[in-house]
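Here the structure comes first, spelled out in structure tokens, and everything after it is commentary.
Keep in mind it's a predicted model, so treat the numbers as computed, not measured. What you see below is based on every heavy atom in this structure, not just the backbone, and it leaves out hydrogens, waters and symmetry mates.
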Amino acid sequence: MITKDRSFYKTFFSLTAMMALQNVVVCSVNLADNIMLGAYHETSLSGVALANQIQFILQMLTMGIGEGIMVLGSQYWGKRDAQTICKIVAIGLHLGLLVSVFMWAIVFFFPKQCLGLFTNDTMVIAEGVQYLKIICFSYPFFTMTNIMLCAMRGVETVRIGFFVSCSTLFINVCLNYVLIYGNLGFPRLGTSGAAIATLTSRIVEFIIMVIYLKIFDKKISFQISYLFQYHKQLFLDYIRVGIPVILSNTIWGIAMAVQAAILGHLGSNAIAANSVAATVFQILTVVTYGSASASSVITGKTIGEGRIEIIKEYTNTFQILFLIIGVFTGLGLFLIKDFILGFYDISVESKMLASQFITILSITVVGTCYQCPCLTGIVRGGGDTKFVLYNDSIFMWGIVLPISALAAFVFNWSSVVVFICLKSDQILKCFVAIVKVNRFTWIKQLTRKEGFNIK
């Protein structure tokens with residue numbers, strides 16, 4: 001039975017659409033970087049692609065912290081307890097700053113060693129080092145901004161994320177144009193120019209987010225003073241809910257880096273093709289990840305409001321919507337691949353390999369569109385944050401990576417076959433998702449009746 005509640009559809013589609021638009025802009029930044037660096041030099045594209053694998057690990061850590069805020073905060077939002085939400089945000093910002101500074105230190109002092117984990121191509125490593133030594137200074141700004149954006153999503157404020165991302169896209173593309181190629185009298189900096197452009201855009205988006213929270217936000221009214229207050233019980237609640245999310249995202253981020261390393265050792269063509277395919281995939285799956293965030297917020301808020309009886313209707317409706325999104329995403333990914341690849345100035349071999357990778361993704365994405373929002377959206381949003389951690393760990397580290405490593409390094413199978421092995425879990429996890437989500441054992445009340453008053 002699906003829900004007939006019009007407010008459900010209005011909230012779901014509005015949240016999904018706005019977060020999808022934001023994701024489009026974010027992915028467009030990566031696409032612009034790829035296209036502009038690809039036109040500059042393919043080695044630069046490959047070097048930055050590997051450097052961005054480290055950025056991806058930080059991104060997964062950051063989103064883990066932020067999603068922990070969303071899961072706990074959305075239930076308090078259902079109770080309209082803004083003060084407690086503020087304190088949860090402060091906890092997340094503290095953790096985010098600690099993580100980002102730690103990542104900066106590793107990357108800044110050991111850039112060659114970090115990139116050497118992904119490839120042994122000295123030219124690619126040299127280009128990646130140029131990028132890393134600059135881009136690592138953006139890590140704290142990136143982390144703080146995205147944690148604040150996750151907090152806003154938890155209280156159903158999503159438009160600010162779109163505007164912040166638009167500013168990043170505009171600044172990044174403009175500075176790429178002048179700094180990569182040396183246009184308008186600026187020096188021709190190549191890879192370093194791309195890094196400077198991204199660093200500048202990250203600083204600007206952080207400033208915009210701080211101004212928004214200080215002046216324009218009326219829902220939680222976050223104040224700097226909250227950063228200097230401590231509530232032990234709330235901290236323990238966040239750790240209990242958030243640590244599984246952070247660990248899950250961290251394990252996933254490391255796994256994606258290992259996947260890139262496996263493909264990276266198959267040659268520069270595989271690196272470039274994977275970079276192109278991944279970027280195109282990210283753009284076409286924006287609705288999927290938007291729907292996952294929307295379902296998480298709606299589920300958490302509904303539980304916080306105490307309307308447990310309506311969760312089953314919402315869950316049935318979610319699953320149908322996810323499958324529809326999956327079919328259209330797969331079809332769109334297949335139809336658009338040649339058009340997108342036409343923009344890339346890369347070798348014929350890399351382009352052909354990228355086309356094959358995208359064709360594979362157009363099939364596996366149907367599974368992604370179902371299992372990802374079911375598990376990271378409904379189940380995690382409902383309060384069961386540990387299940388996704390266990391599930392991803394088993395599939396990724398127990399099945400996908402070992403089989404893919406054997407395929408690449410022992411059996412010496414082609415890059416295409418290895419890529420299929422790497423993406424097989426997107427279909428396999430659907431069988432787990434359909435059982436787990438329809439048992440409703442994931443519904444957990446995370447809030448405390450008394451709340452946490454902030455003096």
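- More than 12 heavy atoms of other shown residues, nucleotides or ligands fall within 6.0 angstrom of atom OH in Tyr212.
- Side-chain atoms of Gln319 do not come within 3.5 Å of backbone N or O of Tyr370 as any donor-acceptor pair.
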Step by step, work out the side chain to side chain contact (heavy atoms under 4.5 Å, CB included) result for Ile208 and Ser167. CA-CA 9 Å; Ile208 292 173; Ser167 74; 3.5 Å; yes

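- To the nearest 0.5 Å, atoms OG (Ser404) and CD1 (Ile262) are separated by 5.5 Å.
- Side-chain contact, Thr447 with Gln75: no donor N or O sits under 3.5 Å from an acceptor N or O.
- Heavy atoms of other residues, nucleotides or ligands lying less than 6.0 angstrom from CZ of Phe13 number more than 12.
- Panel note: side chain Thr3, backbone Glu313; no donor-acceptor pair is recorded below 3.5 Å.
- Among all heavy-atom pairs drawn from Glu67 and Cys150, the shortest one is N-SG, 4.3 Å.
- The environment of NZ in Lys386 is sparse: at most 12 heavy-atom neighbours from other residues, nucleotides or ligands sit within 6.0 Å.
- Expressed to the nearest 0.5 Å, how far OH of Tyr9 lies from CZ of Arg6 amounts to 11.0 Å.
- Ring pair Tyr314/Phe318 is perpendicular by interplanar angle, where above 60° counts as perpendicular and below 30° as parallel.
- Of the candidates Phe110, Phe142, Tyr139, Phe137, Phe137 is the only one forming a ring pair (Phe, Tyr, Trp, His ring centres under 6.0 Å) with Trp104.
- Side chain of Arg380 to backbone of Gly377: no donor-acceptor contact under 3.5 angstrom is found.
- Contact check for Cys369 versus Phe328: no side-chain heavy atoms found under the 4.5 Å cut-off.
- Between Phe12 and Phe8, the two ring planes are parallel [angle under 30°; tilted spans 30° to 60°].
- For the pair Leu333/Ile358, a side-chain contact is recorded, criterion being any heavy-atom separation below 4.5 Å from C-beta on.
- For the pair Trp397/Val258, a side-chain contact is recorded, criterion being any heavy-atom separation below 4.5 Å from C-beta on.
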Kindly list each side-chain donor-acceptor pair under 3.5 angstrom involving residues 427-437, sequence neighbours excluded, with atom names and distances?
unit_1 : atom_1 : unit_2 : atom_2 : d
Lys429 : NZ     : Asp392 : OD1    : 3.0
Lys436 : NZ     : Asp384 : OD2    : 3.0
Lys436 : NZ     : Thr441 : OG1    : 3.4

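- In the displayed structure, Lys312 atom NZ is contacted under 6.0 Å by at most 12 heavy atoms of other residues, nucleotides or ligands.
- Counting only heavy atoms from C-beta outward, the side chains of Ile298 and Lys301 never approach each other to under 4.5 Å.
- Judged by distance alone, the side chain of Ser296 and the main-chain N or O of Ala292 form no donor-acceptor pair under 3.5 Å.
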Applying side chain to side chain contact (heavy atoms under 4.5 Å, CB included), run through Met144 and Leu97 and close with a yes or a no. CA-CA 7 Å; Met144 297 295 101; Leu97 184 60; 3.8 Å; yes

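- Relative to the six-membered ring of Phe222, Lys214 misses at least one condition, a distance below 6.0 Å or an angle of at most 45° to the axis.
- Contact check for Trp442 versus Ile311: side-chain heavy atoms found under the 4.5 Å cut-off.
- In terms of heavy-atom proximity, Tyr238 sits nearest to Ile69 at CE1-N, 3.7 Å.
- Counting heavy-atom neighbours within 6.0 Å of Arg159 CZ, excluding the residue itself, gives a total of 12 or less.
- The shortest side-chain heavy-atom distance between Tyr76 and Gln83 does not fall under the 4.5 Å cut-off.
- No side-chain heavy atom of Val204 sits less than 4.5 Å from a side-chain heavy atom of Phe141.
- Here the closest heavy-atom approach between residue Ile57 and residue Ile254 is recorded as CG1-N, 4.3 Å.
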Checking Asn249 against Gln59 for the side chain to side chain contact (heavy atoms under 4.5 Å, CB included) test, could you report, in this order, the C-alpha distance in whole Å, the side-chain angles of both residues, the deciding distance, and whether it holds? CA-CA 9 Å; Asn249 281 22; Gln59 180 178 334; over 6 Å; no

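- Summarising the geometry of Val107 relative to Cys136, their closest heavy-atom pair is CG1-CB, 3.8 Å, with the distance given to 0.1 Å.
- Between the Thr143 side chain and the Pro140 main chain, no donor and acceptor come within less than 3.5 Å of each other.
- The two residues Asn172 and Ser201 make their nearest non-hydrogen contact at OD1-OG, 3.9 Å.
- Here the side chains of Tyr226 and Val89 are not in contact, with every heavy-atom distance at 4.5 Å or above.
- With values rounded to the nearest 0.5 angstrom, Leu72 atom CG is found 6.5 Å from Leu234 atom CG.
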Using the rule given for side chain to side chain contact (heavy atoms under 4.5 Å, CB included), can you reason through Leu446 versus Asp237, listing the C-alpha separation, both sets of side-chain angles and the distance that settles it, and then say yes or no? CA-CA 8 Å; Leu446 304 176; Asp237 284 352; over 6 Å; no

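- Across all their heavy atoms, Leu15 and Glu156 have their closest contact at CD2-CA, 4.2 Å.
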